[in-house]
Amino acid sequence: MKYALFFSALLPLTGCTGGKGTNGPSTQTTSATTPSAPAAGASCATAEKEKQAGTTTAAKPAKSRTACYMDSLGLVNIAEADSSIHVSLMYARADNFTGHLLYEDLREAYLHPDAMKCLHRAQTLLKALHPGYSLFVHDAARPMSVQQQMWDAVKGTPKFRYVANPANGGGMHNYGLAVDISIVDETGAPLPMGTPVDYLGVEAHITDEEGLIAAGKLTAEERENRLLLRKVMKEAGFRALPHEWWHFNLVDRETAMRDYQVIP
């Protein structure tokens, strides 16, 4: 199934049923009342012309090679689809659990159009509850080549269970169907969640948060913040991951491998 080559921020806030295991590839088509995004690669072609002409500016830098690659696959740039969502990719820095920079030139977060539609709904739900809050994306679509680097960093260590093995089809990030996400307040400060994003340990698990509170490893406020995040993401159609409070999938592995394309 090929990627859909469109996304509109005006899409209705319905149809995000991935969290129930029924969501497949987007079949919606554009209409006269629903504007579509530019054809894949159009913005990159323009950026390349500007780069060659020397007309790019700091305010409008040319897109990276990886971003253009994501565009060419029909994936959606989150910031272009919903500019109210904050983005800062943790694997574009070395201060992640691998200790290495994995995205050499990628700074933009991308998702499959189906996942982007549901993420836009989650942001709308959050804003309805707390107008000053916003979702903050730490990672989204991830090429399988990067997944291999991540796997190589953990195989043979106790951390291997936190990383999907590319040999088994990878994870939902590799289909543009997963997002690592948190919440920031009106000042841009992250809500406390008990651990940093990308923390690999029991304190980040969501399976026994009451036990973590009893053990003094999680506060009641931190749990309430996690519950808020899960509420809006689940209502929008995403599934929570038991071992990472920040990770949400749109569909299960079987559905992804059957109905969607992996990102090489």
Side-chain angles (χ1 to χ4, degrees), residues 66 70 87-107 109-112 115 135-183 190-219 222-223 225-227 229-230 233-234 238-257 260 262-264:
T66 304
M70 296 290 206
V87 174
S88 180
L89 299 182
M90 58 188 170
Y91 300 120
R93 307 183 304 272
D95 59 340
N96 58 69
F97 80 94
T98 70
H100 302 288
L101 186 151
L102 300 178
Y103 295 150
E104 293 186 359
D105 68 344
L106 184 65
R107 299 296 178 268
Y110 281 81
L111 284 174
H112 186 281
L135 295 175
F136 190 114
V137 173
H138 301 271
D139 196 33
R142 182 189 306 156
M144 190 66 85
S145 57
V146 174
Q147 188 70 26
Q148 185 65 55
Q149 295 178 53
M150 195 175 289
W151 174 252
D152 290 342
V154 300
K155 65 181 179 182
T157 77
K159 295 179 179 180
F160 82 93
R161 67 190 181 116
Y162 292 100
V163 179
N165 188 343
N168 297 329
M172 296 307 96
H173 283 292
N174 306 127
Y175 296 84
L177 299 171
V179 63
D180 292 334
I181 200 160
S182 62
I183 298 174
L191 299 191
M193 299 285 188
T195 76
V197 173
D198 216 28
Y199 177 88
L200 305 186
V202 66
E203 293 83 1
H205 296 190
I206 67 172
T207 49
D208 185 21
E209 290 173 334
E210 290 184 358
L212 291 174
I213 291 175
K217 296 181 178 180
L218 188 70
T219 68
E222 290 164 347
R223 188 186 186 217
N225 291 336
R226 290 186 183 188
L227 290 174
L229 179 61
R230 292 205 292 273
M233 292 299 285
K234 286 184 175 181
F238 287 93
R239 307 157 177 243
L241 193 69
H243 295 156
E244 299 174 358
W245 61 258
W246 58 86
H247 182 114
F248 293 86
N249 293 330
L250 187 66
V251 300
D252 57 30
R253 183 187 303 274
E254 180 180 332
T255 300
M257 295 181 71
Y260 294 85
V262 72
I263 305 168

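Every heavy atom of this structure was used, including side-chain atoms; hydrogens, water molecules and symmetry mates were not.
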Original post:
Any chance the side chains of D180 and H173 put a donor and an acceptor closer than 3.5 Å?
Top reply: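 Checked: D180/H173 side chains pair up, N/O donor to acceptor below 3.5 Å.
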Check the side chains of R107 and S88 for a donor-acceptor pair under 3.5 angstrom, ignoring hydrogens and angles.
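Note: S88 and R107 side chains miss the donor-acceptor criterion.
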Should [X] and [Y] count as side-chain neighbours, where that means a heavy-atom distance under 4.5 Å?
X: D139; Y: H247; result: no
X: Q147; Y: V163; result: yes
X: R93; Y: Y103; result: no

For the side chain of [X] and the backbone of [Y], is there at least one donor-acceptor N/O pair under 3.5 Å apart?
X: R223; Y: T219; answer: no
X: N96; Y: T98; answer: yes
X: D198; Y: F97; answer: yes
X: N174; Y: G171; answer: yes
X: D252; Y: T255; answer: yes

Nearest-0.5 Å distance, CG of residue N168 to CH2 of residue W151: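 Between N168 CG and W151 CH2, I get 7.5 Å after rounding to 0.5 Å.
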**Study point:** Test side chain to side chain contact (heavy atoms under 4.5 Å, CB included) applied to V251 and Y175, step by step
**Key:** CA-CA 10 Å; V251 300; Y175 296 84; over 6 Å; no
(request) With side chain to side chain contact (heavy atoms under 4.5 Å, CB included) as the test, would you mind laying out the steps for M150 and L102 before giving the verdict? (result) CA-CA 8 Å; M150 195 175 289; L102 300 178; 3.6 Å; yes
May I ask you to decide whether E209 forms a salt bridge with K217, counting only side-chain N to carboxylate O separations under 4.0 Å?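 No, no charged N to carboxylate O under 4.0 Å.
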*asked:* Can you confirm if the aromatic rings of Y260 and H112 lie within a centre distance of less than 6.0 Å?
replied: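 Yes, the ring of H112 comes within the 6.0 Å limit of the ring of Y260, centre to centre.
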Considering non-hydrogen atoms only, spot the tightest contact between I206 and A240 and give its length.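 Taking every non-hydrogen atom into account, CD1-CB, 3.8 Å.
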Practice problem: Applying side-chain contact (heavy atoms from CB on, under 4.5 Å) between W246 and each of V179, I181, T195, L241, report the one that passes. | Solution: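 Testing W246 for a side-chain contact (heavy atoms from CB on, under 4.5 Å) against V179, I181, T195, L241 leaves exactly one candidate, T195.
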